[in-house]
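Note: hydrogens, waters and symmetry copies are ignored here, and every other heavy atom, side chains too, is used. Just so it is clear, the structure is predicted and the values come from calculations on it, not from any experiment. First listed ligand is number 1; within each ligand, the first listed atom is number 1.
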Amino acid sequence: MGTALIYDEEMTKYKLLWVDPACKIEVPERLSVSYEALVRTGLSDRCVSVPPREASDAEILLVHSEEYLEGVKKTPHMTLEDLKEFTLQYGDVYFHPNIYHCAKLAAGSALQLVDSVMTGKVRNGMALVRPPGHHSMRSAASGFCVFNNVAIAARYAKQKHGAKRVLIVDWDIHHGQGVQYCFEDDPSVLYFSWHRYEHQEFWPNLRESDYDCVGKGSGAGYNINVPWNEVGMENGDYLSVFCHVLLPVAYEFCPDLVLVCAGFDSAIGDPEGEMCATPDIFAHLTHLLMNLAGGKLCAVLEGGYNLTSLAQSVCQTVQTLLGDPLPQLANVRSPCESALESLQCVRSVQRRYWSILKHAADSPTTDVSTKRIKLAKAEEEKAETAEEERGQEEKVWPEPAERLRPPVCSASVLPDDAACPDGLKRLVSSKDPEPLLVSRIKNRSTEDAGDADGVATFSRLYTLIEKMRTNEIGNGVALVPDVAAAMECVVQDLGSDLVSRVLVVCVGKEELNCATADGSEDKQEQKGKYYIPVCLKKGCADTVGFIQAVFGLLLPLGYEYDPGLVLLVRMPGSGVGDCMWQQLIGLLKGFAKGHTLVLMQTNDGACMDPTASALLGHPAPPLQELLTPLPDDGGALERMRERLQAHWKMLQTTVSSGN
Ligand SMILES: COCC(O)(O)CCCCCNCCCN
Ligand SMILES: [Zn+2]
């Protein structure tokens with residue numbers, strides 16, 4: 001299934017007609033440069049083009065009041081003076097004779113996207129729209145927004161398509177207060193937003209944008225605010241919040257549909273956000289959401305004012321929706337103290353609503369006075385450095401790397417009598433394996449490597465890894481007589497000279513003879529850092545424990561380790577379910593540009609089809625609604641995380657005790 005793209009140049013045909021410093025950044029070029037970038041890169045041609053339509057009155061009234069709609073309806077016939085007058089009643093927004101038409105198209109585009117995804121016409125999609133939506137409220141325009149496109153889309157998905165649970169992820173750098181107000185008492189819509197806040201000093205300066213506003217009544221727990229109290233947040237900060245807050249909760253919520261308020265003012269170079277996350281981060285944020293709701297994801301453009309980072313970020317998002325390999329995120333740094341403080345605060349208030357966060361730490365003990373002191377100091381520093389920074393205004397960042405689809409998406413190494421699943425390319429031993437390689441394989445301790453079959457299998461494994469390194473092949477699966485032997489062989493002989501770091505994910509009971517670590521730190525220490533056994537009391541069939549282990553440990557650690565190859569080993573008798581197995585394969589694609597090698601035991605062949613489906617990029621089926629976890633697993637995982645965060649900064653979820 002494809003990816004929908006909704007765009008119409010009509011939505012560029014309105015602009016600011018008078019002087020207003022607060023609104024001058026919201027220009028028509030935002031939309032045209034985004035679309036032109038998709039055309040230039042060939043991405044638009046790969047999408048299913050879906051035309052926008054005007055939202056009807058009834059659809060707009062799903063969120064807005066009649067009096068507000070009636071007021072906006074009058075704007076096309078207003079004089080310039082009347083438009084200015086009409087605008088004055090709202091904040092940080094402007095009207096234009098054509099903005100009502102464009103606002104109906106923007107809302108209608110979101111609805112077209114929901115229809116296309118919910119009816120299965122496409123898997124996912126993106127709507128490039130203006131005016132944006134997430135600030136507009138029931139009876140008020142705000143922050144360049146007229147109708148709340150995503151809020152209307154959420155209500156529409158429930159009413160028309162029977163969606164039971166809708167997740168809204170708002171990665172725009174402003175708080176979508178309009179969305180929060182719309183659903184704050186509604187447990188069927190989970191709203192997640194991070195936003196520049198600076199202790200309420202940043203627009204829209206609302207007390208209710210802080211982390212302790214979690215929703216009201218039956219909606220308590222279904223509103224998640226992550227305030228950024230400093231600028232300069234980077235990729236590591238964003239990924240930490242996704243791994244330690246959003247994703248575990250999203251999996252527990254188990255939505256039927258994911259809507260994204262895709263604002264790109266959270267990218268580097270944006271004058272509003274002043275953050276430092278690079279455009280390729282949106283490739284990963286999109287990817288991390290694509291295994292929810294069976295892949296049903298609708299991204300709707302919100303903000304984004306640096307035309308360069310906006311266009312790059314839009315392309316990164318669409319390219320991931322299309323299923324292309326993820327870009328390598330080099331040197332993901334640990335979250336900063338301010339981000340950790342926000343992370344700890346959010347987890348501590350949300351833990352009473354989400355069992356997956358049950359073991360989160362208490363809020364940090366910094367009292368208000370220290371915060372005030374810090375603020376005063378920060379103000380003073382900011383004043384001092386203001387002029388010098390004037391010169392350094394322009395941020396620069398590398399152009400995102402090309403994300404080339406390998407000629408062969410997925411390959412297989414199978415015993416001659418095993419059938420090759422559709423879509424996979426079977427690797428056969430073409431020529432005699434290199435003598436050097438044969439001798440290496442032969443002197444492997446395990447006996448089966450020695451015989452002709454073993455040599456043939458291992459030499460094909462070597463070829464597979466080699467072709468992944470050169471990006472001739474994306475990923476692969478091998479059925480071998482002995483997974484433990486194959487794992488050691490790959491890690492110690494094959495992988496090591498082809499890639500510098502191999503992330504080995506071993507599912508099921510196994511004592512891994514840890515890869516020979518470099519001599520630097522003593523063996524035991526290395527074993528502690530590079531060998532992380534996660535024991536789940538209820539075994540790998542335990543969904544909650546699995547989710548906690550994947551998001552609380554594996555993903556953050558994987559981003560920090562930045563491997564060149566992922567080796568996923570399924571031990572016989574692991575008991576891991578097909579859904580979880582496919583989710584794991586889907587999520588691990590985020591590493592090593594998607595170069596994952598799956599090892600399974602020949603007699604385990606039963607799960608070959610789900611494995612092939614996940615390797616080929618088909619969305620993983622949603623995990624069944626999570627059962628409440630046995631307390632012990634969560635606690636054990638938290639304790640392990642605390643121990644390991646000395647080595648792996650991405651595992652942190654609390655401010656360092658020093659503060
Ligand atoms: C949904 O619209 C997308 C958005 O969230 O980016 C709107 C931001 C409004 C920002 C209003 N203050 C501007 C001050 C100018 N320095
Ligand atoms: Zn914004």
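- Distance from atom 1 (C) of ligand 1 to its nearest protein heavy atom, with residue and atom name: H134 CD2, 2.7 Å.
- Judged by the shortest distance from any of its heavy atoms, G263 lies outside the 4.0 Å radius around the atoms of ligand 1.
- Looking only at heavy atoms of the protein, atom 2 (O) of ligand 1 is closest to P132 CG, 3.2 Å.
- The main-chain N or O of P51 is never found under 3.5 Å from a side-chain atom of D8 such that the two would form a donor-acceptor pair.
- If you number the atoms of ligand 1 from 1 as listed, the ones under 4.0 Å from a heavy atom of C145 come out as 1 (C), 2 (O).
- Taking the six-membered ring where tryptophan is involved, the planes of W171 and F264 are tilted, since the angle between them lies from 30° to 60°.
- Shortest contact from atom 11 (C) of ligand 1 to any protein heavy atom: D92 OD2, 3.3 Å.
- Open room surrounds CD on E402; 12 or fewer heavy atoms of other groups in view lie less than 6.0 Å from it.
- Those atoms of ligand 1 with a heavy atom of H174 less than 4.0 angstrom away are 4 (C), 5 (O), 6 (O), 8 (C), 10 (C).
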> Does the pair F242 and H284 meet the rule for a side chain to side chain contact (heavy atoms under 4.5 Å, CB included), with working shown?
Replying inline: CA-CA 10 Å; F242 259 55; H284 286 263; over 6 Å; no
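- Between the side chains of N291 and Y251, not a single donor N or O lies within less than 3.5 Å of an accepting N or O.
- Of all atoms in ligand 1, listed by their number and element, those nearer than 4.0 Å to a heavy atom of G303 are 3 (C), 6 (O).
- Protein N/O/S atoms found under 2.8 Å from the Zn ion (ligand 2), listed by chain and residue number: D172 OD1, D172 OD2, H174 ND1, D265 OD2.
- Y14 carries R130 over the face of its six-membered ring, with the cationic atom under 6.0 Å from the centre and within 45° of the normal.
- Every residue two or more places apart in sequence or in another chain that forms a salt bridge (Lys or Arg N to Asp or Glu O under 4.0 Å) with K216 is listed here: E184.
- The shortest N or O to N or O distance between D265 and ligand 1 is under 3.5 Å.
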>> Evaluate E26 against R30 for salt bridge (charged side-chain N to carboxylate O under 4.0 Å, His left out), listing each step before the verdict.
In response: CA-CA 7 Å; E26 207 296 306; R30 295 179 53 239; 2.6 Å; yes
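- Side-chain N/O atoms of T3 and N124 include a donor and acceptor closer than 3.5 Å.
- Taking every non-hydrogen atom of E302 and a distance limit under 4.0 Å, the qualifying atoms of ligand 1 come out as 1 (C), 3 (C).
- Protein heavy atom closest to atom 6 (O) of ligand 1, with residue, atom name and distance, is Y305 OH, 2.5 Å.
- Smallest separation of non-hydrogen atoms from L167 and A250: CD2-CB, 3.8 Å.
- The one candidate from H64, Q159, R53, R155 that meets the side-chain hydrogen bond (donor to acceptor under 3.5 Å, both in side chains) condition with E59 is R53.
- Contacts with ligand 1 closer than 4.0 Å are made by side-chain heavy atoms of E272 only, the backbone lying farther away.
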